[in-house]
A.B. asks: 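Have a look at this one before I ask anything.
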Amino acid sequence: MKIKIHNAISRINISHKKLKELTLWLCTEINLPVETLDIIITDDENLRELHEHYLNDTSYTDVMTFNIGSDVAIEGEIYISDERALENA
C-alpha cells in the first residue's frame, strides 16, 4: 500500500509518519483493499469548492473521499479541512 500525505496548510502540525502508520493500521484492521491513498489536508474554502463541484452542495464539510480505482482495489483520495478538524477536535 502506498500512502502519500499532502499538507498544504501549516495550521496542523502532524507527523506524516504517524498519520501513515495509523492509516496503514486502520486499512489492515478492516481489510480495506487499498493500493494507493493520498491524504490531502487543505482549508475550508478549497474543500467547500470541491463539495459544491462534486455534490452540488455549498456547505462546508470536514472530509471528502474519492475512490478513483477499480472495484477490486482502492486508489483513493481523502481531503481533510484543517479548520473543521481543529474545530471538531
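The structure displayed is predicted, hence computed values, not measured ones.
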A.B. asks: Is it true that atom CG of N88 has more than 12 heavy atoms of other residues, nucleotides or ligands lying nearer than 6.0 Å?
C.D. replies: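 Counting other residues, nucleotides and ligands, CG of N88 exceeds 12 neighbours.
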
A.B. asks: Are the side chains of E77 and I68 in touch, meaning some heavy atoms are under 4.5 Å apart?
C.D. replies: yes

A.B. asks: Only one of I39, V34, I78 passes side-chain contact (heavy atoms from CB on, under 4.5 Å) with T23; say which it is.
C.D. replies: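 It is I39; the other options fail the test.
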
A.B. asks: To the closest 0.5 Å, what do you measure between CH2 (W25) and CD1 (I30)?
C.D. replies: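 Answer rounded to 0.5 Å: 9.0 Å.
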
A.B. asks: Report the distance from atom NZ of K4 to atom NE2 of H16, rounding to the nearest 0.5 Å.
C.D. replies: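 So the NZ of K4 and the NE2 of H16 are separated by 13.5 Å.
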
A.B. asks: Per the side-chain contact (heavy atoms from CB on, under 4.5 Å) rule, which among I41, I80, D82, T42 passes with N7?
C.D. replies: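 Among the candidates, only I41 passes.
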
A.B. asks: Can V72 be reached from L32 by stepping across I, L, V, M, F, W or Y side chains whose heavy atoms are under 4.5 Å apart?
C.D. replies: no

A.B. asks: Atom CE in M1, atom CD1 in I74: separation rounded to 0.5 Å?
C.D. replies: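 Reported to 0.5 Å precision, the distance equals 9.0 Å.
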
A.B. asks: Within this structure, what is the CD1-CD distance for the pair I3 and E21, rounded to the nearest 0.5 Å?
C.D. replies: 10.0 Å

A.B. asks: Side-chain contact test, heavy atoms from C-beta onward, threshold under 4.5 Å: evaluate it for R48 versus S59 and give yes or no.
C.D. replies: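 A side-chain contact is absent here, since even the closest heavy-atom pair is not under 4.5 Å.
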
A.B. asks: Should L50 and Y79 count as side-chain neighbours, where that means a heavy-atom distance under 4.5 Å?
C.D. replies: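 Yes, side chains in contact.
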
A.B. asks: Can you tell me how far the CG atom of L37 sits from the NZ atom of K20, to the nearest 0.5 Å?
C.D. replies: 11.0 Å

A.B. asks: Which atom pair, heavy atoms only, marks the closest approach of R84 to T61?
C.D. replies: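 Where R84 meets T61 most closely, the heavy atoms are CG-O, 3.3 Å.
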
A.B. asks: With no hydrogens and no angle check, just 3.5 Å: does a side-chain donor-acceptor pair link D62 and S81?
C.D. replies: no

A.B. asks: Of the non-hydrogen atoms in N46 and D43, which two are nearest, and what is the gap between them?
C.D. replies: N-OD1, 2.9 Å

A.B. asks: Please report the closest heavy-atom contact between M64 and L55, naming both atoms and the distance.
C.D. replies: CE-CD1, 4.1 Å

A.B. asks: Using only atom types and a distance under 3.5 Å, with no angle test, would you say the side chain of H6 pairs donor to acceptor with the backbone of D38?
C.D. replies: no

A.B. asks: Only one of E45, E83, H51 forms a side-chain hydrogen bond (donor to acceptor under 3.5 Å, both in side chains) with Y60, so which one is it?
C.D. replies: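 Checked E45, E83, H51 against Y60; only one passes side-chain hydrogen bond (donor to acceptor under 3.5 Å, both in side chains): E45.
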
